[in-house]
Amino acid sequence: MAESSGVMAYAEASKDKLTTTTRELLGIGRNLANELGEPLCAVLAGDGVSSLADEAISLGADRVYVIDDPLLKEYLSDSFTPVMERLAAEVSPRIILLGQTDAGRDLAPRLAFRLKTAATLDCVDLTIDAASKRLQATRPVYGGNALATFTTETDPQIVTIRVKAFSAATADASRKGEVIKAEAGLEPAAVRTKVLDRIVEEVEGLKLEDAAVVVSGGRGIGGAEGFKQLEELAHLLKGALGASRPPCDNGWVSELLQIGITGKIIAPDLYLAVALSGSSQHLSGCSGSKNIVAINKDPEANIFQAATYGVVGDWKKVVPALTEKIRELTSG
Amino acid sequence: MNMIVCIKQVMDPETPPASFKIDPQTNKVIPPPGIAPVPDPYSEYALEAALRLKAENSGKITAISLGNDLLRDVVKKSLAMGADELILLEDEAFAGGDSCSTAIALAAAIKKIGEYDIVFCGRQAADWGASQVGSGIAELLGLPCLTLAQKVEATDGKAKVEVVTDDGYEVVETTLPAVITVSNELGEVRYPNIKGILKAKKKEPIIWKPADIGLEASEVGAAGRCTKLVKLFQPVREGEAEIISGDTPEEAAVNLALKLREIKLI
Ligand SMILES: Cc1cc2nc3c(=O)[nH]c(=O)nc-3n(C[C@H](O)[C@H](O)[C@H](O)COP(=O)(O)OP(=O)(O)OC[C@H]3O[C@@H](n4cnc5c(N)ncnc54)[C@H](O)[C@@H]3O)c2cc1C
């Protein structure tokens with residue numbers, strides 16, 4: 001392998017556009033590349049992805065490797081690992097960045113073991129150590145109770161970034177870059193897995209990850225009925241409904257509404273946390289929120305450590321009055 | 001159906017945040033006094049998935065735990081829940097590893113066990129949560145790997161697995177043998193029953209040292225790490241919330257609404 005150089009970002013698309021996470025990847029990727037004084041390249045691997053190369057360039061990539069192959073229509077580790085292995089061997093990047101997404105979290109470790117290097121997943125901070133020029137990757141550990149910074153001595157240094165933890169690159173259509181077509185070189189026999197079905201669960205209203213306001217309930221809500229009231233408030237604030245784990249485990253709300261280390265990672269402007277205690281596992285998914293407002297009957301609840309504002313009281317009394325007042329303030 | 005389940009011993013993840021302390025000198029977590037370690041909850045989902053398959057297809061479940069100073073009460077819970085065999089990779093040399101050195105040791109042990117259809121791991125561990133050991137074992141043994149399973153069915157050398165995605169799930173088929181990592185969406189994990197607890201009491205684990213699985217002490221644990229921990233620290237919280245009060249909860253709610261309006265959040 002030639003001496004490693006440059007940063008490679010694994011781009012993902014949805015509905016013919018690069019995803020928000022990909023824009024975040026290109027944002028931090030550009031910063032790291034500048035600091036190293038080396039190029040940033042993007043990889044577009046999929047079926048019918050060629051048209052997105054220009055968008056990747058406008059977002060900061062100096063070079064885009066396009067691997068367009070019908071065999072890459074859907075993500076499978078068995079097909080994407082050898083494709084990325086081949087490209088990494090050809091390009092010898094110093095760093096490979098992926099999103100902590102369905103594909104990225106599966107691909108990164110696979111690729112790291114394949115390339116005899118190491119991966120660090122779900123990073124919230126990435127810096128280049130001035131002396132060694134090595135990547136320092138920081139991620140939450142112990143259910144969000146602590147943060148740990150790791151380095152590795154082998155290249156490529158592979159990391160996934162936590163969604164919403166880095167600022168997205170802004171597009172500049174005047175940027176120039178090079179588009180390089182690469183072969184997948186995939187042996188169909190090497191793919192031992194097959195997607196039989198894909199079930200998308202429709203969640204009503206605004207998507208949790210995109211909402212500027214999230215109203216979230218915990219175990220103290222007590223049942224599905226209570227969540228109806230929170231949903232009404234969320235609706236009024238043009239926001240989305242969320243939950244801690246117990247309401248999801250108990251079937252009061254969909255599992256897709258779970259916020260936390262094993263659920264969604266969100267960073268809204270306003271996070272209204274109702275009758276949830278603020279466990280480290282939960283806070284790990286919402287501590288990026290600009291403002292956390294807590295309603296809890298227990299003044300000692302840990303959520304008040306993370307919140308900017310709080311009301312101590314029974315949500316059954318607080319939420320209806322709050323909803324009514326907000327309706328009054330926001331109407332007309 | 002022969003199944004292997006990798007189960008880690010971890011600090012209790014339900015330890016109250018106030019009891020969580022770090023020693024900045026050693027970059028280590030100080031074990032909270034009076035709070036005993038537990039089997040990693042994600043590993044228990046992996047065991048539960050294996051137990052459900054066993055109930056349907058019969059077969060044998062071998063649990064493996066790796067570490068140093070493994071508490072018998074903790075690691076034997078797998079036997080009490082219904083695993084048939086327990087292997088401990090227990091040695092000072094196994095301590096302080098990362099996903100890389102852990103996967104190398106587990107893969108070597110699995111190779112030694114020899115016969116298996118499915119290797120189950122948790123999606124991540126509740127302590128370091130690196131989320132890579134399952135994928136690593138698969139790479140080292142040349143097996144397919146499905147991550148974040150919420151349901152597993154297996155017949156005729158194949159498994160049909162529901163894997164959790166961001167907006168629902170996918171049904172994926174894989175050839176066997178394979179590695180499957182299991183997520184909490186699998187649903188409730190069983191409690192050991194009396195019969196299981198008694199069985200576990202009588203059964204002694206098999207203990208393997210690095211040499212028993214064909215590895216040098218320098219290839220496992222802290223010595224075999226691929227990543228270096230530079231720093232372990234606690235996030236700074238910005239202090240306590242401003243409590244909005246009122247004579248009644250309803251009045252506090254009104255004051256909160258006014259405050260949110262004042263700072264233009266609504
Ligand atoms: C490995 C692992 C992963 C986990 N992942 C996640 C995750 O991703 N997301 C997550 O959320 N959790 C997760 N958990 C669970 C987590 O540890 C906590 O158990 C959970 O977050 C607690 O949820 P809660 O705050 O709703 O419930 P509780 O901790 O029971 O808190 C309920 C709160 O409601 C308050 N309350 C009760 N009644 C009222 C009332 N009438 N009015 C006002 N307040 C009231 C109480 O004062 C209390 O503070 C995980 C746990 C483990 C072990």
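Residue numbering restarts at 1 for every chain, and letters A, B, ... go by the order of the sequence lines.
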Need one label for A:E202: side chain, backbone, both or neither, based on atoms under 4.5 Å from any heavy atom in chain B. neither

Stepwise side-chain contact (heavy atoms from CB on, under 4.5 Å) check, A:R245 with B:N184: CA-CA 10 Å; A:R245 184 154 140 188; B:N184 43 288; 4.3 Å; yes

With a 4.5 Å heavy-atom cut-off, do A:V141 and B:D127 have their side chains touching? no

CG-SG distance between A:D78 and B:C145, expressed to the nearest 0.5 angstrom: 9.0 Å

Verify the neighbour count for atom CD of A:E153: are there more than 12 heavy atoms of other residues, nucleotides or ligands below 6.0 Å? no

With side chains defined as the heavy atoms from C-beta onward, is the minimum distance between B:E242 and A:F304 less than 4.5 Å? no

When the 4.5 angstrom heavy-atom criterion is applied to A:I303 and chain B, the contacting part is neither

So does A:D210 have more than 12 non-hydrogen atoms from other groups sitting under 6.0 Å from CG? yes

Against chain A, label B:A103 side chain, backbone, both or neither, depending on which of its atoms sit under 4.5 Å from a heavy atom there. side chain

Using non-hydrogen atoms only, which part of B:S245 is less than 4.5 Å away from chain A: side chain, backbone, both, or neither? neither

So do A:R105 and B:L148 actually touch side chain to side chain, heavy atoms under 4.5 Å? yes

Sort B:V10 into side chain, backbone, both or neither according to what part of it lies under 4.5 angstrom from a heavy atom of chain A. neither

Interchain contact, A:K207 with chain B, by part (heavy-atom threshold 4.5 Å): neither

A side-chain contact here means heavy atoms from C-beta on lying under 4.5 Å apart; do A:V293 and B:L260 qualify? yes

Between B:T181, B:T174, B:L229, which has the largest tally of heavy atom pairs under 4.5 Å with chain A? B:L229

Quick test of your reading: applying ring pair (Phe, Tyr, Trp, His ring centres under 6.0 Å), list the pairs with at least one residue in residues 128-175 of chain B, sequence neighbours left out, ordered by first then second residue. A:Y142-B:W128

Between atom NZ of A:K317 and atom CD of B:E251, what is the distance when rounded to the nearest 0.5 Å? 14.5 Å

Spell out, as yes or no, whether a donor-acceptor pair under 3.5 Å connects the side chain of A:T152 to the backbone of B:C226. yes

Using non-hydrogen atoms only, which part of A:I292 is less than 4.5 Å away from chain B: side chain, backbone, both, or neither? neither

Taken to the nearest 0.5 Å, the spacing of B:E185 CD from A:L256 CG works out to 8.5 Å

Which atoms of B:K158 are under 4.5 Å from chain A, going by heavy atoms: the side chain, the backbone, both sets, or neither? neither

Among B:E188, B:E173, B:M11, residue most engaged with chain A (heavy-atom pairs, under 4.5 Å): B:E173

Most chain A-contacting option - heavy-atom pairs closer than 4.5 Å, from B:G187, B:G129, B:G136, B:A18: B:G136

Looking at A:T154, A:V195, A:V191, which makes the most heavy-atom pairs under 4.5 Å with chain B? A:V195

Output the option from B:L232, B:L140, B:N27, B:T15 having the highest count of non-hydrogen pairs under 4.5 Å with chain A. B:L232

Relative to chain A, which segment of B:I22 carries a heavy atom at a distance below 4.5 Å: side chain, backbone, both, or neither? side chain

Atom CD of residue position A:E324 - does it have more than 12 heavy atoms of other residues, nucleotides or ligands inside 6.0 Å? no

Is it the side chain or the backbone of B:F233 that comes within 4.5 Å of chain A heavy atoms, both, or neither? both

Counting only heavy atoms not in B:K259 (residues, nucleotides, ligands), do more than 12 fall under 6.0 Å from its NZ? yes

Is chain B contacted by the side chain of A:Q157, its backbone, both, or neither, given a heavy-atom distance below 4.5 Å? neither

How long is the span from the CD atom in B:E139 to the CG atom in A:L111, to the nearest 0.5 Å? 8.5 Å

Are the side chains of B:S183 and A:T262 in contact, using a 4.5 Å heavy-atom criterion? no

Is it the side chain or the backbone of A:T308 that comes within 4.5 Å of chain B heavy atoms, both, or neither? backbone

Structural part of B:A252 lying under 4.5 Å from a heavy atom of chain A: both

Side-chain touch A:I261/B:Q124, heavy atoms, less than 4.5 angstrom: yes

Can you check side-chain contact (heavy atoms from CB on, under 4.5 Å) on A:L329 and B:L258, steps first, answer last? CA-CA 8 Å; A:L329 290 171; B:L258 292 170; 4.2 Å; yes

Of the listed residues (B:K228, B:E162, B:Q234), which shares the most heavy-atom pairs with chain A below a 4.5 Å separation? B:K228

Under the rule for side chain to side chain donor-acceptor pair (under 3.5 Å), what residues qualify as partners of A:E74, not counting sequence neighbours? none

Determine, step by step, whether B:L146 and A:T193 satisfy the side-chain contact (heavy atoms from CB on, under 4.5 Å) criterion, reporting the C-alpha distance in whole Å, the side-chain angles of both residues, the deciding distance to 0.1 Å, and the verdict. CA-CA 9 Å; B:L146 297 177; A:T193 57; 4.0 Å; yes

Before accepting this row, confirm whether a basic side-chain N of the pair A:R198/B:E170 lies closer than 4.0 Å to the acidic partner's carboxylate O. yes

About how many Å separate CD1 of B:I266 and CD1 of A:I326, when rounded to the nearest 0.5 Å? 4.5 Å

Please flag which part of A:A137 lies under 4.5 Å from any non-hydrogen atom of chain B: side chain, backbone, both or neither. neither

How far apart are the C-alpha atoms of B:V172 and A:L196, what are their side-chain angles, what is the distance that settles it, and do they pass the side-chain contact (heavy atoms from CB on, under 4.5 Å) test? CA-CA 6 Å; B:V172 189; A:L196 303 178; over 6 Å; no

Between chain A and each of B:P17, B:A159, B:S131, count heavy-atom pairs under 4.5 Å; write down the option with the most. B:P17

Please classify the contact between A:T81 and chain B as side chain, backbone, both or neither, with a heavy-atom cut-off of under 4.5 Å. side chain

At a 4.5 Å cut-off on heavy atoms, which part of A:T323 comes close to chain B: side chain, backbone, both, or neither? neither

Test item: A:Y309 and B:I243 side chains (from C-beta on) under 4.5 Å apart, heavy atoms: no

Got a second to check how far A:L272's CG is from B:L256's CG, nearest 0.5 Å? 7.0 Å

When you measure from the side chain of A:R192 to the backbone of B:L176, do you find a donor-acceptor pair of N or O atoms at a distance under 3.5 Å? no

Where does B:D166 contact chain A at under 4.5 Å (heavy atoms): side chain, backbone, both or neither? both

Any side-chain heavy-atom pair of A:F150 and B:V230 under 4.5 Å: no

